[in-house]
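Values below: all heavy atoms of this structure, side chains included; hydrogens, waters and symmetry mates excluded.
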Amino acid sequence: MADLFSPFTLKGVTLRNRIGMSPMTQHACEDRSGKMNDYHVMYLGARAAGGFGLIFPEQVAIVPEGRTTVDCSGIWEDDQIEGHARVTAIIKRQGGVAGIQLGHTGRKGSEVAAHDRIGEYGPGAQFPPDHDRGWQCVGPSNIPYGGDHPFDVHALTRDEIKGLHRSYADAARRAADAGYEWLEMHFAHGYLGAEFFSPLANQRDDEYGGSLENRARFLLEALDAVREVWPERLPLTMRLGSDDFHSKGVQFDESVQAVAWMAEHGLDAADMSLGFNTDDMEVAPPMNDPGFMLERSSRIKREVGIPTVCSWNLGVPQNANRAIEAGLTDVVLLGRPALSNPHWPLWAARELGHEAPFSMLPDDWRHWLENFRGHAASIGLPPTGSWSPTPEDEIAMLRSA
């Protein structure tokens with residue numbers, strides 16, 4: 001039976017364990033260049049050295065207007081490849097697999113970073129198109145996101161849609177040249193792919209709007225464009241905004257069908273997440289429940305028959321391991337836990353009684369931690385067994401299963 005520390009093979013790539021680091025926007029590129037730099041090498045290399053099997057940088061924009069802020073990373077030009085290649089090299093040297101998430105923020109771009117304030121614009125607010133740090137946002141329809149995103153959205157023409165599909169393909173070529181071995185397409189979280197998929201953002205009356213088949217068309221054509229250039233031996237996956245928690249938005253049953261279509265178009269694995277196409281959700285998502293996306297992930301495995309990766313509230317090792325052992329998902333993705341603890345896999349291995357917890361780490365680090373230890377506490381690790389599940393944790397996990 002597989003567990004959290006079992007290798008996982010997808011196509012021609014094998015992860016050393018089933019623990020991945022989710023893409024998380026860092027706003028750390030310099031000079032508005034979209035180029036990765038020493039910060040990204042440090043930040044991502046540390047997680048690879050900490051034992052994560054799969055490591056993603058942030059969502060990487062396929063065009064300049066596809067970023068969240070001017071300080072986000074991109075791969076729309078060849079001279080951005082070098083920074084990405086430095087990142088993939090350090091991840092590979094430390095035993096991890098470098099994944100890239102390609103995306104476009106659509107009507108949710110042109111923002112202030114969530115931790116920042118610039119003049120009159122607070123955290124997460126949208127700059128107007130004529131602001132020095134802003135641009136004209138695009139989407140399937142001229143429907144602003146609302147709230148702090150009040151500015152007009154340019155509804156993409158058919159020719160512009162085709163151009164974006166070429167941009168996806170061009171970005172995928174550069175990603176392969178940079179050394180990435182896993183490519184995920186970001187069709188979630190209210191960004192462009194999720195916008196086309198959701199009736200809340202997509203009110204077109206052409207072949208890209210209306211029916212489920214039409215709303216999935218942008219996603220399938222983007223997938224086709226990437227599949228044509230991305231090496232067949234390397235995994236091609238996607239993260240889908242699978243539920244808007246709104247009666248007029250995406251319903252999960254629709255997402256199951258859409259993933260089945262994507263599998264027919266060459267999708268290798270699915271990562272189910274939320275739509276986030278509106279702040280006015282009619283049903284509050286169970287954001288505080290451990291592993292609340294596991295039931296949806298396991299349904300994709302059963303009904304579509306492809307592997308899945310799953311995130312959201314799986315940072316407790318016992319919960320993450322139970323999800324793998326129960327076959328609810330194939331890989332666990334961690335966001336905030338990976339930020340707070342770059343050695344989360346080592347900690348999890350010790351908590352779960354792994355016979356060789358330091359095997360999570362590169363051999364040179366492993367040697368010094370396993371040998372010449374002296375007093376056990378002197379290597380700076382807390383005692384094992386410091387956490388145990390509460391009854392509430394157990395109930396939540398059973399409900400999600």
Side-chain angles (χ1 to χ4, degrees), residues 21-48 54-94 96-106 108-111 113 116 127 132-138 160 162-187 189 191-193 222-223 225-231 234-239:
M21 172 180 160
S22 283
M24 287 171 285
T25 302
Q26 297 296 298
H27 311 285
C29 296
E30 298 171 348
D31 303 323
R32 309 186 185 187
S33 66
K35 295 179 180 179
M36 291 194 172
N37 52 48
D38 288 349
Y39 173 89
H40 301 91
V41 175
M42 172 279 300
Y43 157 63
L44 298 163
R47 274 70 193 173
L54 176 64
I55 297 96
F56 283 101
E58 61 198 70
Q59 175 183 222
V60 178
I62 61 170
V63 293
E65 298 79 17
R67 293 175 288 180
T68 302
T69 75
V70 294
D71 302 313
C72 294
S73 68
I75 197 164
W76 63 80
E77 291 179 345
D78 287 350
D79 66 357
Q80 293 165 327
I81 294 175
E82 180 183 3
H84 287 281
R86 293 181 64 210
V87 165
T88 64
I90 191 64
I91 290 173
K92 186 171 185 177
R93 184 190 184 283
Q94 302 298 334
V97 169
I100 187 170
Q101 185 189 68
L102 297 182
H104 188 303
T105 52
K108 293 176 82 172
S110 187
E111 289 185 357
D116 205 358
F127 291 115
D132 178 54
R133 298 177 66 90
W135 56 85
Q136 175 61 63
C137 289
V138 302
E160 289 168 338
K162 301 301 183 185
L164 285 175
H165 291 152
R166 290 191 294 273
S167 295
Y168 273 109
D170 291 342
R173 286 193 195 94
R174 296 185 187 103
D177 289 344
Y180 288 103
E181 297 182 283
W182 185 300
L183 191 151
E184 177 177 274
M185 304 184 71
H186 199 353
F187 297 151
H189 301 174
Y191 297 144
L192 189 62
L223 180 64
V226 169
R227 180 75 282 172
E228 187 172 338
V229 302
W230 183 246
L234 301 179
L236 176 57
T237 70
M238 65 83 211
R239 175 173 283 184

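- Distance CG/Leu102 to CG/Asp170: 11.0 Å, rounded to 0.5 Å.
- Within 6.0 Å of atom CD in Gln136, more than 12 heavy atoms from other residues, nucleotides or ligands are found, so the atom counts as buried in its surroundings.
- In this structure, the separation between CD1 on Ile100 and CD on Gln59 is 10.5 Å, given to the nearest 0.5 Å.
- Proximity of a side-chain donor or acceptor of Thr68 to a complementary backbone N or O of Gly109 within less than 3.5 Å is not detected.
- Not one N or O on the side chain of Thr69 forms a donor-acceptor pair closer than 3.5 Å with the backbone of Ala113.
- Between Gln80 and Ser33, the shortest heavy-atom distance links the atoms NE2-O, 3.0 Å.
- Among residues two or more places apart in sequence or in another chain, the salt bridge (charged side-chain N to carboxylate O under 4.0 Å, His left out) test is passed with Arg47 by none.
- For Arg93, the CZ atom sits in a loose shell: 12 or fewer heavy atoms of surrounding residues, nucleotides or ligands are nearer than 6.0 Å.
- Lys108 places a side-chain N or O within 3.5 Å of a backbone atom of His189 that can act as its donor or acceptor partner.
- Under the 4.5 Å side-chain criterion, counting only non-hydrogen atoms from C-beta, Pro23 is in contact with Arg239.
- When the side-chain hydrogen bond (donor to acceptor under 3.5 Å, both in side chains) test is applied to Glu181, no partner is found at least two apart in sequence or on another chain.
- Contact record, Ile55 with Met21: CG2-SD, 4.1 Å, taken as the closest heavy-atom pair.
- In terms of heavy-atom proximity, Trp135 sits nearest to Val70 at CZ3-CG1, 3.8 Å.
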Let me check something: any side-chain donor-acceptor pairs from residues 39-46 under 3.5 Å, sequence neighbours excluded? List them with distances.
residue : atom : partner : partner atom : Å
Tyr39   : OH   : Gln26   : OE1          : 2.6
His40   : ND1  : Asn37   : N            : 3.1
His40   : ND1  : Asn37   : OD1          : 3.3
Tyr43   : OH   : Gln26   : NE2          : 3.4

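- If you take CZ on Phe56 and CD on Glu184, they are separated by 4.5 Å, rounding to the nearest 0.5 Å.
- Legend: residues meeting side-chain hydrogen bond (donor to acceptor under 3.5 Å, both in side chains) with Tyr180, ordered by chain and number and at least two apart, are His84.
- The distance from atom CD of Gln101 to atom CE of Met185, rounded to the nearest 0.5 Å, is 10.5 Å.
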Query raised in the report: Please walk me through it: do Leu223 and Met238 pass side chain to side chain contact (heavy atoms under 4.5 Å, CB included)?
Result: CA-CA 9 Å; Leu223 180 64; Met238 65 83 211; 5.8 Å; no

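- Annotation for Val229 and Ala169: closest pair CG2-O, 3.5 Å, computed over non-hydrogen atoms.
- The side-chain heavy atoms of Pro64 and Trp76, taken from C-beta on, include a pair separated by under 4.5 Å.
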Query - Check against side chain to side chain contact (heavy atoms under 4.5 Å, CB included), Leu183 and Leu234 - result: CA-CA 8 Å; Leu183 191 151; Leu234 301 179; over 6 Å; no

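- A 4.5 Å side-chain heavy-atom check between Arg133 and Asp71 finds at least one atom pair inside the cut-off.
- Two residues are said to be in side-chain contact when any heavy atoms from C-beta on lie closer than 4.5 Å; Asp116 and His27 fail this criterion.
- Ion pairing of Arg174 with Asp177 is absent here, as no side-chain N (NZ or NE/NH1/NH2) approaches a carboxylate O to less than 4.0 Å.
- Checking side-chain atoms of Trp230 against main-chain N and O of Ala225 turns up no donor-acceptor pair under 3.5 Å.
- Among residues two or more places apart in sequence or in another chain, the side-chain hydrogen bond (donor to acceptor under 3.5 Å, both in side chains) test is passed with Glu160 by His154, Thr157.
- Scanning both residues, Ala171 and Ile62, for their nearest heavy atoms gives CB-CG2, 3.8 Å.
- Of all the heavy atoms in Ser110 and Cys137, the pair that sits closest is CB-SG, 3.8 Å.
- The only option from Arg32, Glu111, Glu58 that meets the side chain to side chain contact (heavy atoms under 4.5 Å, CB included) definition with Cys72 turns out to be Glu58.
- Not counting sequence neighbours, His165 has no partner by the side-chain hydrogen bond (donor to acceptor under 3.5 Å, both in side chains) test.
- Residues Thr237 and Trp182 have side chains that bring a donor and an acceptor to within less than 3.5 angstrom of each other.
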